Amino acid sequence: MYASAYVWAKVLMHMEERLGAVTVSAWFDDAEVVDLNEENLILYSPSDFRREIIRRRCTDYVHDALKEIFNSDAKLLVFGDEEMEARKTRGKNKHSMDFNPQFTFDNFVVGPSNRFAHGAAIAVSKTPGQVYNPLFLYGPPGVGKTHLLYAIANGIRKQNPNANIVYIKGDQFTNELIEAIKNGNNIQFRSKYREADLFLVDDIQFIAGKESTQEEFFHTFNNLYEAHKQIVLTSDRKPDDMPTLEDRLKSRFQWGLIADINPPDYETRMAILKNKAMHLGLELDDDVCNYIAINITNNVRQIEGTVKKILAYRDLNNMPLDLPNISRAISDMFKAEGNALPTPSLIISQVCKFYNIDDVIIRSTKKNKGTADARQVAMYLIRQLTNLSFPDIGKEFARDHTTVMHAVKKVEASLKAGDTNLQNAVRDITANINSCL
């Protein structure tokens, strides 16, 4: 089944051809898609007046569009606040949450940087509490950690609609604990989390260094783990890299599976772009996608923001989605040239990560081919991405400037000669460096 955002965008376009853009905007401007399945398309509109107009005047147009474009017999339901509240509370624990239905495994774009974490998340959603408990996902902001959290929740909710799923951010856990202590609601606080069937914690690093929070979380973790309830945690770093996190929590976080998620490589960024564009009803040419994928390297969230900005420019300015227009529309989203220069240490660390070698080795005098190639790439990138001179670069590797000059020229010659493997390596390492700035 198509993503609901994509379906709704197509339905709106279909209705605009028949009713006009002004009319459709007037009645559907504040309408949001709540759910789409084989039986129903559920919309939410906060306006009593607009809901009544949609029901009386527009239902047939929506049904016709669904049938004509997608061969779907789904019926339109228009909800207000009361229906939405009933939907949220029907058959659920009072602490259980709803999750954005757009975050599923089906629309999570998988690439080398996230394939392991994605597979682990699917396994957890199918057999919660039985494998990889806890599941600990870590990586920089905007790479899809929260998407996977929500996908796990939506997957488990689909299997068990009555599952008590509780989600919290690390800093919110601390804030709620403080309020519970202040108001004498410790029992209610503990009940909320220790009765969960699925416990999801985003940004767990924020509890590090907070003694009372860690104490409370330790007992909550033990209670859930012993009851075979699934725990999923996310962080911007792995447990061992949190110096103020208690050792007993570090050890427990390592009981299950730790999976990292890195910024997407070029091919994955291209796939994400096309996926996001399709869901929003946009058709982008390959040269446009290539331009964006090369320049927007930070994270998935930035890519999604870029696509949404393109959509807004198209709708507001009625412009063709060609490369000149796109480049003007999103130029402000690119990093200003010369700003936020990476340090030599950052560049070397990303080269080491890409080639899977130790930082100490790349700076050493070892001369085996794999190490030498990585060292030359590191020297080339430092020369390209920083303002350091050849002698200064040489100091990073305990070598003289002539060795650095030779390395840079060798890499440049290979790139000009069309060495595809080297071109891909330089492109991906550069993207990873930019994502850390």
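We're numbering straight along the sequence, starting at 1. These numbers come from a predicted model, not from an experiment.
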Show which side-chain atoms of residues 355-363 pair as donor or acceptor with protein atoms under 3.5 Å away, not counting sequence neighbours.
residue, atom, partner, partner atom, Å
Asp358, OD2, Val360, N, 2.8
Asp359, OD1, Arg363, NE, 3.1
Arg363, NH1, Glu396, O, 3.0
Arg363, NH1, Glu396, OE1, 3.1

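- When the shell of 6.0 Å around CD of Gln159 is examined, it contains more than 12 heavy atoms from other residues, nucleotides or ligands.
- When all heavy atoms are compared, the tightest approach of Thr23 to Leu19 is OG1-O, 3.3 Å.
- In this structure, CD1 on Ile393 lies 8.5 Å from CD1 on Ile347, to the nearest 0.5 angstrom.
- Checked against side chain to side chain contact (heavy atoms under 4.5 Å, CB included), Asp29 has the following partners two or more places apart in sequence or in another chain: Ser25, Arg50.
- Note on Glu216 versus Arg190: salt bridge recorded, some NZ/NE/NH1/NH2 to OD/OE distance being below 4.0 Å.
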Is there a side chain to side chain donor-acceptor pair (under 3.5 Å) between Tyr266 and Asn290 once you walk through the steps?
CA-CA 9 Å; Tyr266 170 79; Asn290 179 66; 2.3 Å; yes

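- The side-chain heavy atoms of Leu177 and Phe189, taken from C-beta on, include a pair separated by under 4.5 Å.
- In this structure, Leu36 CG and Leu66 CG are separated by 7.5 Å, a value rounded to the nearest 0.5 Å.
- With sequence neighbours excluded, the residues that form a side chain to side chain contact (heavy atoms under 4.5 Å, CB included) with Phe221 are Pro134, Phe217, Tyr225, Ile231, Arg252, Phe253, Trp255.
- At least one donor-acceptor pair closer than 3.5 Å links the side chain of Gln214 to the backbone N or O of Glu246.
- Nearest heavy atom pair, residue Val377 against residue Ile429, reads CG1-CD1, 4.2 Å.
- A donor-acceptor pair under 3.5 Å is formed between the side chain of Asp197 and the backbone N or O of Asn164.
- Between Leu381 and Thr430 there is a side-chain heavy-atom pair separated by less than 4.5 Å.
- Taking the side chain as every heavy atom from C-beta outward, Glu176 and Ile168 approach each other to under 4.5 Å.
- Remark: Lys238 engages Asp241 in a salt bridge, criterion side-chain N to carboxylate O under 4.0 Å.
- Side chain of Gln230 to backbone of Gly129: a donor-acceptor contact under 3.5 angstrom is found.
- Side-chain contact between Thr371 and Asp373 is absent, with no heavy-atom pair separated by less than 4.5 Å.
- Side-chain contact check for Asp30 versus Ser47: some heavy-atom pair is nearer than 4.5 Å.
- Remark: Ser212 OG to Ile207 CD1 distance equals 12.0 Å, nearest 0.5 Å.
- In this structure a side-chain-to-backbone donor-acceptor pair under 3.5 Å is present from Asp265 to Thr268.
- Here the side chain of Ser251 pairs a donor or acceptor atom with the backbone of Arg248 at under 3.5 angstrom.
- Considering only heavy atoms from C-beta on, Ile348 comes within 4.5 Å of Ile382 through its side chain.
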Set out, in order, the CA-CA distance, both residues' side-chain angles and the distance that settles side-chain contact (heavy atoms from CB on, under 4.5 Å) for Ile261 and Phe116, then state yes or no.
CA-CA 8 Å; Ile261 307 178; Phe116 181 61; over 6 Å; no

side-chain contact (heavy atoms from CB on, under 4.5 Å) between Met379 and Arg375, worked out
CA-CA 6 Å; Met379 292 177 176; Arg375 187 181 295 120; 3.9 Å; yes

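- With no hydrogens or angles considered, a side-chain donor-acceptor pair links Lys353 and Asn262 at under 3.5 Å.
- Side-chain N or O atoms of Lys10 include none that pairs as donor or acceptor with a backbone N or O of Phe70 at under 3.5 Å.
- With sequence neighbours left out, Tyr150 forms a ring-ring contact (aromatic ring centres under 6.0 Å, His included) with Phe99, Phe103, Tyr167.
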Please report the C-alpha distance between Tyr193 and Leu224 in whole Å, then the side-chain angles of each, then the deciding distance to 0.1 Å, and finally whether the side-chain contact (heavy atoms from CB on, under 4.5 Å) criterion is met.
CA-CA 9 Å; Tyr193 296 108; Leu224 293 171; 5.6 Å; no

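- For the 3.5 Å distance criterion, the side chains of Gln130 and His228 fail to qualify, holding no donor opposite an acceptor.
- For Lys67, the NZ atom sits in a packed shell: over 12 heavy atoms of surrounding residues, nucleotides or ligands are nearer than 6.0 Å.
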Test side-chain contact (heavy atoms from CB on, under 4.5 Å) on Asp171 and Asp203; report intermediate values, then the result.
CA-CA 8 Å; Asp171 56 340; Asp203 295 323; 5.9 Å; no

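- Side chain of Asn183 to backbone of Asn185: no donor-acceptor contact under 3.5 angstrom is found.
- In this structure, Arg194 contributes its side chain and Asn223 its backbone to no donor-acceptor pair below 3.5 Å.
- Ring-plane geometry between Phe49 and Trp27 is classed as perpendicular, the angle between the planes exceeding 60 degrees on a 0 to 90 degree scale with a lower cut at 30.
- Listed by first and then second residue, the side chain to side chain donor-acceptor pair (under 3.5 Å) pairs that reach into residues 53-63 are Glu52-Arg56, sequence neighbours excluded.
- Here the closest non-hydrogen pair linking Ile156 and Ser125 is CG1-O, 3.6 Å.
- Between the side chains of Thr234 and Asp202, at least one donor N or O sits under 3.5 Å from an acceptor N or O.
- Remark: the His147 side chain and the Asn107 side chain contain an N/O donor-acceptor pair separated by less than 3.5 Å.
- Across every non-hydrogen atom of Ala65 and Val11, the tightest pair is CB-CG1, 4.0 Å.
- When all heavy atoms are compared, the tightest approach of Cys289 to Leu284 is SG-CB, 3.8 Å.
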Could you walk me through whether Asp286 and Lys274 pass the salt bridge (charged side-chain N to carboxylate O under 4.0 Å, His left out) check?
CA-CA 9 Å; Asp286 285 345; Lys274 294 181 178 180; 3.0 Å; yes

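- Formation of a donor-acceptor pair under 3.5 Å by the Arg51 side chain with backbone atoms of Ser45 is found in this model.
- The backbone N or O of Phe206 sits less than 3.5 Å from a side-chain atom of Lys210, completing a donor-acceptor pair.
- Remark: Asn424 pairs with Arg427 by the side chain to side chain donor-acceptor pair (under 3.5 Å) rule, at least two apart or across chains.
- Within the model, atoms CG of Asp106 and OG1 of Thr104 stand 4.5 Å from one another, a figure rounded to the nearest 0.5 Å.
- Between Leu12 and Phe28 there is a side-chain heavy-atom pair separated by less than 4.5 Å.
- In this structure, Asp81 and Tyr44 have side chains that are in contact, with non-hydrogen atoms separated by less than 4.5 Å.
- The two atoms that bring Ser113 and Pro263 nearest to each other are CB-O, 3.5 Å, heavy atoms only.
- Note: His14 NE2 to Glu68 CD = 3.5 Å, rounded to the nearest 0.5 Å.
- Note that CD of Glu211 is 12.0 Å distant from OG1 of Thr244, once rounded to the nearest 0.5 Å.
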